[in-house]
Amino acid sequence: MDYKKTLNLPVTKFPMKASLVKREPEQLAEWEESCLYDKIRTESKGRKTFILHDGPPYANGNIHIGTALNKILKDIIIRSKQMSGFNAVYVPGWDCHGLPIEHNVDKEVGLKKKEISHGEFRRLCRSYAEKYIDIQREEFKRLGVMGEWGNPYLTMNYEYEAIIARECGKFALQGGLFRSKKPIYWCCSCKTALAEAEIEYKDESSPSIFVKFALKDNLGLEIPVLADKKVFVVIWTTTPWTIPANLAVALHPDFVYAAVDTGEGEVFILARDLVEGCMKSFGLSDFSILAEIEAGTLEGKQCFHPLYNRESLIVLGSHVTLEAGTGCVHIAPGHGQEDYEAGLLYGLDVYSPVDDRGCFTDEVEFFNGQFVFKADREIVARLRESGGLIKEETIKHSYPHCWRCKKPVIFRATPQWFIPMDSTGLRKKALEEIDKVNWIPRWGRDRIYGMIENRPDWCVSRQRAWGVPIAILYCDKCGEIYINQEVIDHVYALFKEHGADIWFKKDAKELLPNDAVCGKCGNDTFIKETDILDVWFDSGVSHAAVLEQRPDLKWPADLYLEGSDQHRGWFHSSLLTAVGTRGAAPYKSVLTHGFVVDAKGKKMSKSIGNVIAPKKIINQYGAEILRLWVSASDYKDDIRISDNILKQLSDAYKKIRNTCKFMLSNLYDFDPEKDTVLYKSMPDIDRFALHRLQKLIERTTKAYDQFEFHTIYHALYNYCTLDLSAFYLDILKDRLYTSPPKSAERRSAQTVMHIMIDTVSKVMAPILSFTAEEIWIYMPERKDKETSIHLTSLPVVNEELKDEELAKKWELLLKVRGEVTKALEQARTSKLIGHSLDALVTISANKDLYNDLHPYTEDLKSIFIVSQVSLIKEESLAGAYESNDIEGLSILIEPATGEKCERCWVHDTSVGTSPQHPTICKRCEENIKGLRY
RNA sequence: GGGCCUGUAGCUCAGUUCGGCUAGAGCGCACGCCUGAUAAGCGUGAGGUCGAUGGUUCAAUUCCAUCCAGGCCCA
């Protein structure tokens, strides 16, 4: 007869093949249809909130792998907090203003730009942003990220724009906003400011001149040998036109300088290491070094300007190099970034006597009205005439050009708006706040602290079209800002109703109360600022525009989570705007992750061609594998991704899936409400399995708490492979298949598996959200089973299922089992056995070990999955395997006695003894009694 | 060039808090078993001078210095 029909073999429709690429979109549609997100919200009303505040991605282009990493990490956290008893509302956002969009719209519009109004251009930018928000929204949803996709926050929403203006107004109101000159890239042909991103570098021929600045101060006191000598500091520049704006000469604080007698009655000061080369190129061969001078000695000394009757100060600056020139750098604070910074340190004027066409203003003697590049030649001539020029040549070098008209650009100082770091105490307070925040990983604190500590005043103005205007009016006579609460409220109301566009449509008068009078000079006409705000200000006030505005959110947020570049970006601007207006950081914790790099640890870039798009992974493996990748990686460091890594994760996924499938397939006839077996009635191994499960819960609970997801991945995966697949479930097969279906021992195993699958699926739910749900659907029905796993809670440790003493015993058994498998493998290699059930195992143990094993004598064969085990005390066994790891243990493997039972495959001497069932063993004969077959 | 960070088997991660037994796990790989989880399951085995060099020490993967490689942010 066919005894196979008397077995309880696994049955399930849960597919082995995940078909994630096909199934995930279907699952998403089902969640959408059943309004799962709303259900979660409703069910968790009144719970304590956990708010992860989303850092808004830029609404341009498709998402890349780093964005996917970021959003999936957030989703894992949101889901795990939600399942830990919190109400974790997630409102995603987008950063909508800014140059890249403006730039792209510019390109799309092309030559028509001149025909388009400012308002129309802004409208195009808005719709461009909308388009990419829709694209990215779908991409994020496809990753399985759950949130308020129907109601995200956008920095271009009218209300958001109104709040940006209001927050900026708050800074102004408390004296935290001022206007000052700063050099920026300027195109003289387009008469416009340019951003770094709008600059193209091209080779250009420029004059290269060496100029000597006569020292005004006598160095004779410090360096006697120079007393009564004609001493000059020698500089080198490739922009002669900036000489009229020269205010200083910079030396490097760490360089040694030399005073060189030229042999022609003069002394030149230049960097010691460059003396040889320079003097040679000046054609001065008869020189001698008179003295070596520390840069510090010269700091603060005055020189004469080579053209005008004024001084030029010697300053120190670490931007000075020995790569070219003389080691002494000409400083024009109005015409260079580093010059500007050096100037700030020494309190120099940001002198920039050049108009918007690039022509010298009237205050520039000799060259007024001349276009700067054309003036180069005349300036050189003038220098030669005055004796300041040492040498002139022409060099080719890379020079910045305008992306639009391709002409060379200049650095030119224009009025900009700044948020001061020190005059209002912003820096000090921000530094204090940094130490109240929990930075994960810890070094994030040092990173942002250093940045805040050293940063200059925040320049918040941009001369662009697509953004929120600095909604400030200032006196057209004295420049004083006209600001009060009434103005702020008025602008806020206007923006909220019409968007920021209204600012450009109304003139200054309409934006102010009728009786507005300058508080400083009494004048009643005002200028409307049309510069827009730095977009970092936009996103930086999201705490005000989102956390404070939405009733289901809160201020401060529990967590901000972004890549480590955001210490300079969003964490930074959020901190400054919050501290500046509310006196506190807008976040309690800040978590940062690294960047996605390729298999070799190199960054991804289009030019190297090592970019992996999330879309490709989703279409090949499914979003679930991407989510597993995020969880498996230690995000604190850079995260590698490669086909090999994805393949490995895909294999791991299959293993987890199959393990769950196996448990489900053995629960087909299990009704948890009727068939559950009490813990105390369970066999030891079942109770040990439950103990191990509690350990898994302990570990994963702690890991979720500490955002250590890769620990969860490893714990879960190792649990599935080691605890379950290779141990418990493997041993369980015999019991599950051969025992009577309703027998206590089989029900006990099913009870355990039911708890296991329930636990494991919940533990994986925040990470493998699709698969956990799929498992949930296939789990046995019961009265209060939730409709979705995402409505349930993470498992908590049940202390009653823990038994350390029992565990200790079983850990020893496990160790012995490991030795037995080694012995079995040897026997297999020598063709003594094939399957382990072919074996009879004799265990010889020393006294202690024997006493430990003895209580389990009857269980050993099932634990080892062999047919027979005999346990003996301290006898030497000829040809036995001697354990290396366990003292006093030797194991002898022999072929099992008796025939192989056709039904349970165990070898037993009882096979053949029954007349009715001659091919099966006694145990099986008992087990099929009463069964219908 | 500066600030912050990383470098343990082919891969993903443990371990080193205050330095100390043959540095662990899983996967992958190789070989074998099974065919009642089957495009599955089980077992065994081989893989690492813990980025390199120097120093401190009785002893360093662990501490210090330098260097190399890589990342983020500045310049």
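Every chain is numbered from 1 and lettered A, B, ... according to where its sequence line falls, protein lines coming before strand lines.
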Checklist line | Syn/anti state for rG41(B) [syn: chi within 90° of 0] | finding: anti
Checklist line | Pairing residues for D758(A) by the side chain to side chain donor-acceptor pair (under 3.5 Å) criterion, not counting sequence neighbours | finding: K762(A)
Residues [X] and [Y]: side-chain donor-acceptor under 3.5 angstrom:
{"X": "N70(A)", "Y": "E562(A)", "value": "yes"}
{"X": "R447(A)", "Y": "S564(A)", "value": "no"}
{"X": "Y728(A)", "Y": "D686(A)", "value": "yes"}
{"X": "W458(A)", "Y": "D534(A)", "value": "yes"}
{"X": "H572(A)", "Y": "R455(A)", "value": "yes"}

Give [X] one of three labels, base, sugar-phosphate or nothing, depending on what nucleic acid heavy atoms sit under 4.0 Å from its own.
{"X": "E338(A)", "value": "sugar-phosphate"}
{"X": "G834(A)", "value": "sugar-phosphate"}
{"X": "R455(A)", "value": "nothing"}
{"X": "L722(A)", "value": "sugar-phosphate"}
{"X": "M663(A)", "value": "nothing"}
{"X": "E902(A)", "value": "base"}
{"X": "S665(A)", "value": "nothing"}
{"X": "A652(A)", "value": "nothing"}
{"X": "T659(A)", "value": "base"}
{"X": "I645(A)", "value": "sugar-phosphate"}
{"X": "N718(A)", "value": "sugar-phosphate"}

Distance between [atom1] atoms of [N] and [M] (Å, rounded):
{"N": "rG47(B)", "M": "rG24(B)", "atom1": "P", "value": "14 Å"}
{"N": "rU17(B)", "M": "rC73(B)", "atom1": "C1'", "value": "30 Å"}
{"N": "rG41(B)", "M": "rG26(B)", "atom1": "P", "value": "15 Å"}
{"N": "rU6(B)", "M": "rA14(B)", "atom1": "P", "value": "13 Å"}
{"N": "rG20(B)", "M": "rG1(B)", "atom1": "P", "value": "36 Å"}
{"N": "rG71(B)", "M": "rA65(B)", "atom1": "P", "value": "24 Å"}
{"N": "rG70(B)", "M": "rC31(B)", "atom1": "P", "value": "37 Å"}
{"N": "rG54(B)", "M": "rA9(B)", "atom1": "C1'", "value": "26 Å"}

Margin query: Can you tell whether the side chains of K822(A) and E819(A) come within less than 4.0 Å, N to carboxylate O?
Written below: yes
Next item on the list: Decide, yes or no, whether a salt bridge links R568(A) with D565(A) under the criterion of side-chain N to carboxylate O below 4.0 Å.
Entry: no
Notebook entry, point to check: Just how far is it from atom CE of M756(A) to atom CG of L729(A), taken to the nearest 0.5 Å?
Noted result: 6.5 Å
Compare side-chain N and O positions of [X] against OP1 and OP2 of [N] and report whether any pair is under 4.0 Å apart.
{"X": "T821(A)", "N": "rU44(B)", "result": "yes"}
{"X": "Y737(A)", "N": "rA37(B)", "result": "yes"}
{"X": "K655(A)", "N": "rG41(B)", "result": "yes"}
{"X": "H714(A)", "N": "rC27(B)", "result": "no"}

For atom [atom1] of [X] and atom [atom2] of [N], their distance in whole Å:
{"X": "H572(A)", "N": "rC74(B)", "atom1": "NE2", "atom2": "P", "value": "10 Å"}
{"X": "L646(A)", "N": "rG10(B)", "atom1": "CG", "atom2": "P", "value": "20 Å"}
{"X": "Q566(A)", "N": "rC74(B)", "atom1": "CD", "atom2": "P", "value": "10 Å"}
{"X": "R817(A)", "N": "rU44(B)", "atom1": "CZ", "atom2": "P", "value": "9 Å"}
{"X": "L732(A)", "N": "rC42(B)", "atom1": "CG", "atom2": "P", "value": "14 Å"}

[X] side chain, from C-beta outward: closest of [options]:
{"X": "K900(A)", "options": "rC5(B), rU35(B), rG32(B)", "result": "rU35(B)"}
{"X": "R828(A)", "options": "rC11(B), rG43(B), rG41(B)", "result": "rG43(B)"}
{"X": "D446(A)", "options": "rG43(B), rG71(B), rC5(B)", "result": "rC5(B)"}
{"X": "D730(A)", "options": "rG10(B), rC42(B), rA75(B)", "result": "rC42(B)"}
{"X": "M16(A)", "options": "rA39(B), rC73(B), rA14(B)", "result": "rA39(B)"}

Checking base pairs now: Watson-Crick or wobble, both atom distances under 3.5 Å. What partners [N]?
{"N": "rU44(B)", "value": "rA30(B)"}
{"N": "rC13(B)", "value": "rG24(B)"}
{"N": "rU56(B)", "value": "none"}
{"N": "rC67(B)", "value": "rG51(B)"}

Under 3.5 Å, which donor-acceptor pairs link side chains of residues 594-612 of chain A to any protein atom two or more places apart or in another chain?
from    : atom 1 : to      : atom 2 : distance (Å)
D598(A) : OD1    : K600(A) : N      : 2.9
D598(A) : OD1    : G601(A) : N      : 3.1
D598(A) : OD1    : K602(A) : N      : 2.9
D598(A) : OD2    : N610(A) : ND2    : 2.9
S605(A) : OG     : S607(A) : OG     : 3.3
S605(A) : OG     : I608(A) : N      : 3.2
N610(A) : OD1    : S605(A) : N      : 2.9
N610(A) : ND2    : K603(A) : O      : 3.0

Per the atom types in the model, does the base of [N] pair as donor or acceptor with the side chain of [X] at under 3.5 Å?
{"X": "K654(A)", "N": "rA40(B)", "answer": "no"}
{"X": "R447(A)", "N": "rC72(B)", "answer": "yes"}
{"X": "S725(A)", "N": "rA37(B)", "answer": "yes"}

Margin query: Heavy-atom nearest nucleotide on RNA chain B for S633(A) versus L9(A): which residue maps closer to 5'?
Written below: S633(A)
Margin query: Which is more 5' along RNA chain B, the nucleotide nearest E708(A) or the one nearest K4(A)? Just name the residue.
Written below: E708(A)
Note to self: Under a 3.5 Å distance rule, please check whether T67(A) uses its side chain to pair with a backbone N or O of H64(A) as donor and acceptor.
What the structure shows: yes
Next item on the list: Pull out every residue in residues 596-609 of chain A that has a heavy atom closer than 4.0 Å to any atom of RNA chain B, ordered by number, or say none.
Entry: G601(A), K602(A), K603(A)
Note to self: By a 5.5 angstrom centroid cut-off and a 30 degree plane limit, is there stacking between W905(A) and rG36(B)?
What the structure shows: yes
Checklist line | Test salt bridge (charged side-chain N to carboxylate O under 4.0 Å, His left out) applied to E708(A) and R699(A), step by step | finding: CA-CA 10 Å; E708(A) 299 267 348; R699(A) 203 168 321 143; over 6 Å; no
